[in-house]
Every structure is written in C-alpha cells, then in structure tokens.
2 protein chains.
Amino acid sequence: MPVSGRASIPEATVARLPLYHRCLTDLQAEGRTTVSSEQLADLAGVNAAKVRKDLSHFGSYGTRGVGYDVDHLLVEIASELNLDHDWPCVIVGAGNLGSALASFAGFTNRGFTVVGILDVDPARIGRELGTLTVRHQDDLRDIVDAEHVAIGIIAVPPAAAQDAAGRLVEAGITSILNFAPTVLDVPDGVQVRDVDLAVELQILAFHEQRPARERPAG
Amino acid sequence: MPVSGRASIPEATVARLPLYHRCLTDLQAEGRTTVSSEQLADLAGVNAAKVRKDLSHFGSYGTRGVGYDVDHLLVEIASELNLDHDWPCVIVGAGNLGSALASFAGFTNRGFTVVGILDVDPARIGRELGTLTVRHQDDLRDIVDAEHVAIGIIAVPPAAAQDAAGRLVEAGITSILNFAPTVLDVPDGVQVRDVDLAVELQILAFHEQRPARERPAG
DNA sequence: CCTTGTGAAGTAATTCACAGCC
DNA sequence: GGCTGTGAATTACTTCACAAGG
C-alpha cells in the first residue's frame with residue numbers, strides 16, 4: 001500500500017536502500033566519485049540489474065557509459081530514507097540489550113541518536129550509560145515531547161513488551177523497533193519492525209545440514 | 001536452491017517457521033492442545049491461508065474440522081528447524097553488543113547456548129560475563145573443536161568483521177550471524193545472515209511521513 | 001566502446017476459493 | 001458445520017536482454 005504523495009517504491013527495494021547507502025558512504029570515504037551499477041552490486045552483494053531497477057524507482061539519473069555520481073546518489077538515497085535530518089530515538093528497557101543499544105556506535109553514525117533510555121526497575125534507574133542516564137518509564141512522554149521523538153525501541157522481556165508498546169503509542173511514537181519475541185498489537189498508523197535474534201539463529205540452524213554432533217572433530 | 005535430500009521448502013516459509021514455533025511454545029505453556037490455522041495466524045500476525053500452505057510444505061497433518069495438535073506440530077517444526085538438539089554458538093567481539101548477546105536470555109531459551117566469547121583487546125580478555133569468561137581470539141579453534149560449534153556470531157566493529165569471518169571459517173564454522181555493517185566474503189557452503197540494526201531503523205524512517213520537526217508537540 | 005534504464009520474461013510468494021474430510 | 005489442504009489466480013520480485021545515450 002503506497003504512501004500518499006510519494007510514488008510507491010517496492011518494499012524489497014526500500015529494504016535495500018539502506019544497504020546502498022552504507023556502501024556509498026564507504027565509497028565516499030575512500031574518495032570515489034563515480035560508481036557503476038555492477039561495482040555497487042558487488043559491494044552490496046546483490047545483482048547489478050537489481051541495483052539499476054532499484055535506483056530507477058526514484059528517478060535517480062546515472063550517466064550511461066559512466067555510472068552514478070557517488071555524492072549525488074548518496075544525497076538522493078538519504079533523502080528517500082528521510083535521513084537528511086537526525087532521528088531521535090528512545091529505548092524502553094535498560095537490561096543487557098537495551099544498555100548495549102544505548103551506547104551502540106552503529107546507530108549514532110547512521111542518522112539515529114538515542115535521547116533516552118527508560119526502565120521500571122529502581123535498581124537500574126539513575127544508572128549512567130555514556131552520556132545518558134536511565135530514567136523511569138513514566139518520564140516517557142516528557143522525553144518524547146521535549147525531543148520530538150518518533151521512534152521507540154523495545155528491549156524489555158516478552159511479557160512486558162505489549163505494555164511498553166502501549167505506552168510508546170500513548171506518548172506519541174509512530175514507529176517501533178521491537179526486540180521482544182512477541183507480536184505487538186498497535187493501532188493503525190503505527191509501524192512495527194520485529195527483530196528476533198533467536199529467529200535469525202533458527203534460520204541458520206535450518207540450513208545446517210549436519211547435526212552438531214557429527215562434526216568432523218573428535 | 002534446495003538442499004539435497006530434503007524436499008525444498010520456500011525461503012519465505014523457512015523464515016516464518018521460527019515464528020510459528022514461538023507461538024506454539026506459548027500455546028503449549030498455556031496448556032492448549034489444539035489450534036486452528038486462523039488462531040495461529042492471529043498469534044503470528046499473518047494470514048491463515050499462509051499458515052496452512054506453510055505447514056503443508058512439510059506434510060504436517062492437521063485434522064479437518066479441528067485444527068492442529070499443538071504438541072505434535074511443535075515437534076514437527078522443531079525437527080524441521082533442527083532444534084531437536086541444542087546449538088552451541090561462539091561470539092567474536094566482547095564489546096557492548098557482544099557482551100549483551102552473551103548473556104541474552106532470548107538465545108538460551110530457544111535452542112542456542114553461547115559457549116564462548118572472544119576478543120583481541122587485553123582489557124576485555126578475562127572479564128567475566130555470567131558463566132563465561134572472555135577469551136583471546138586465538139582460542140577460537142580450541143573452543144569450536146571442543147564444543148562442536150557450528151554457528152559463529154560476529155559482533156566486532158565493521159573494519160574487523162571480514163577478518164573475524166575468515167577466522168571463523170578457518171576454525172570450521174559453517175554458519176555466521178553477522179552484526180557488523182559489512183558484506184562478508186565467505187566460501188561456498190558457509191551461510192551468512194546479516195543483522196544491521198541501523199538498517200531496521202532506516203526502514204522505519206523511510207515510512208515515517210512527517211519529518212521529526214513537525215510533530216504536534218511544541 | 002561502456003553503462004544506464006526498462007520492457008518483457010521468468011520466478012517466487014501470497015491470497016483466493018472451494019473440494020474433501022472430520 | 002468447521003477446518004484443512006491445495007489447485008488456480010494474483011501479485012510481487014527478480015533477472016534477462018537490449019535499445020538508447022554518453
């Protein structure tokens with residue numbers, strides 16, 4: 001279902017844009033000025049025709065015989081991804097995972113700033129994590145309002161996840177990244193992406209032919 | 001590309017099996033004995049026809065007019081996913097993320113045990129993480145051999161990821177879960193799954209219509 | 001030349017809709 | 001009556017292959 005006002009870009013393409021963005025950032029850092037669809041495809045680990053079709057969806061013009069201008073393409077993709085400004089995020093749950101995410105370099109670099117981390121456990125509240133201090137869950141709305149937060153990250157145990165989602169929605173959050181292994185129920189207009197780390201391992205396990213016992217070791 | 005010896009199951013189905021597995025585990029814990037495709041679909045947040053088609057791929061028999069036997073279906077799916085035994089895993093990188101993963105309850109519960117965590121930084125080596133002690137990267141092969149590890153988890157900075165992958169492959173690992181934002185080059189027969197947390201946020205950002213500034217706050 | 005952009009072909013995944021069985 | 005299992009229809013995605021432009 002296309003978002004009104006913007007020509008619809010296939011979901012599969014959207015999922016690859018961040019990948020191209022990453023590769024282009026690397027190329028730019030190396031001082032490269034142009035890149036062909038084939039080179040970009042190699043870097044991104046995909047097929048060259050796919051790169052061209054993906055980029056064609058938002059009318060980004062390469063130059064035939066030459067390729068794409070790295071700087072220009074990067075700006076285009078960043079603009080498509082709404083990365084021309086930084087996104088403040090708030091994390092609910094200051095356990096192992098939440099705490100790690102709060103100081104995770106991989107976010108800060110790529111357009112996202114964690115502006116708050118919350119918990120309900122008094123033992124965790126007040127703890128310092130880099131420049132952040134763990135605050136009480138009830139401060140959620142204040143933080144969201146003060147920092148104009150649109151993205152919430154759920155890093156609580158599964159039993160608490162639905163409650164956390166409700167509070168985030170209540171506070172005005174419209175996008176949720178959910179690390180809890182639970183299907184969240186949220187109102188229309190709020191988008192959820194689930195990251196279940198065990199699922200990823202289970203998919204790997206599926207494709208492992210040999211059972212672990214039979215490895216050519218002992 | 002189907003794995004020899006097993007009837008090919010579509011990748012999209014494989015990716016959902018862990019989700020069904022999770023929901024069925026919950027149902028079982030609640031004491032439910034049967035479930036219809038529609039109920040399971042609701043829990044998993046997908047369409048009922050999809051559930052039926054997915055399950056039909058490995059010939060799991062439900063009962064018409066009744067539904068599926070929870071226990072039986074759970075065993076079937078676990079068996080498809082090779083979850084009838086536990087999978088030992090090793091983590092490379094004992095920074096924030098690696099350390100969090102090492103003590104992450106979400107793995108242990110679901111068929112995966114972290115049996116080792118490694119780093120190169122002397123400041124981290126020897127550190128205690130729950131029942132584990134951070135060891136030197138050079139101990140990788142010993143751990144893999146001793147514990148019959150087939151799955152490696154990369155949680156190092158991007159610049160070190162390819163090297164880590166090479167060492168894992170060298171040590172005999174055939175499946176890699178990669179948290180570093182880099183496309184890894186590995187030999188045929190080694191499978192990689194990438195989890196780039198910033199990518200997930202970027203996809204959310206894409207779908208956010210309003211720029212963060214324009215929220216109805218101040 | 002080389003490389004893009006894109007119709008057309010091919011493949012995969014989803015959903016429909018209903019026959020068949022409990 | 002209710003629910004599964006599945007062919008058929010639909011939709012989405014990928015890949016090919018080539019015309020057109022630098």
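Naming: A, B, ... by sequence-line order, numbering from 1 per chain.
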Pair listing, salt bridge (Lys or Arg N to Asp or Glu O under 4.0 Å) test, anchored in residues 31-59 of chain B, at least two apart: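 Qualifying pairs: Arg16(B)-Asp54(B).
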
query: So which pairs with a foot in residues 178-193 of chain A pass salt bridge (Lys or Arg N to Asp or Glu O under 4.0 Å), sequence neighbours left out?
result: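 The answer is Arg193(A)-Glu200(B).
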
- prompt: Is a donor-acceptor contact shorter than 3.5 angstrom present between the side chain of Lys53(A) and the base of dT15(D)?
  reply: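 Per atom types, the contact qualifies.
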
query: For Leu43(A), what residues pass the side-chain contact (heavy atoms from CB on, under 4.5 Å) criterion, not counting sequence neighbours?
result: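 Cys23(A), Leu27(A).
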
Terminal helix-axis angle for the helix from dC1(C)-dG22(D) to dC22(C)-dG1(D), with five pairs defining each axis and rounding to 10 degrees: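 It comes to 10° between the two terminal axes.
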
Side-chain N or O of [X] less than 4.0 angstrom from OP1 or OP2 on [N]?
| X | N | result |
| --- | --- | --- |
| Lys50(A) | dT15(D) | yes |
| Tyr61(A) | dG22(D) | no |
| Arg16(A) | dT14(D) | yes |
| Ser37(B) | dT4(D) | yes |

field: Span of DNA chain C in contact with chain A (heavy atoms, under 4.0 Å)
entry: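 Nucleotide range with atoms under 4.0 Å of chain A: dC2(C) to dA8(C).
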
message: Pairing donors with acceptors under 3.5 angstrom, does anything connect the side chains of Thr113(B) and Asp86(B)?
response: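 Yes - a donor-acceptor pair under 3.5 Å links their side chains.
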
All salt bridge (Lys or Arg N to Asp or Glu O under 4.0 Å) counterparts of Asp163(B), not counting sequence neighbours: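 Listed in chain order: Arg167(B).
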
task: Could you check Gly65(B) against Arg64(A) and say which one's nearest nucleotide on DNA chain D is further toward the 5' end?
output: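 Residue closer to the 5' terminus by nearest nucleotide: Gly65(B).
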
- prompt: Donor-acceptor pair, Asn178(A) side chain versus Thr182(A) backbone, under 3.5 Å?
  reply: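 Pair found, side chain donor or acceptor close to backbone of Thr182(A).
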
- prompt: Is a donor on one side and an acceptor on the other found under 3.5 Å between the side chain of Gln28(A) and the backbone of Asp71(A)?
  reply: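 Judged by distance alone, no pair lies under 3.5 Å.
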
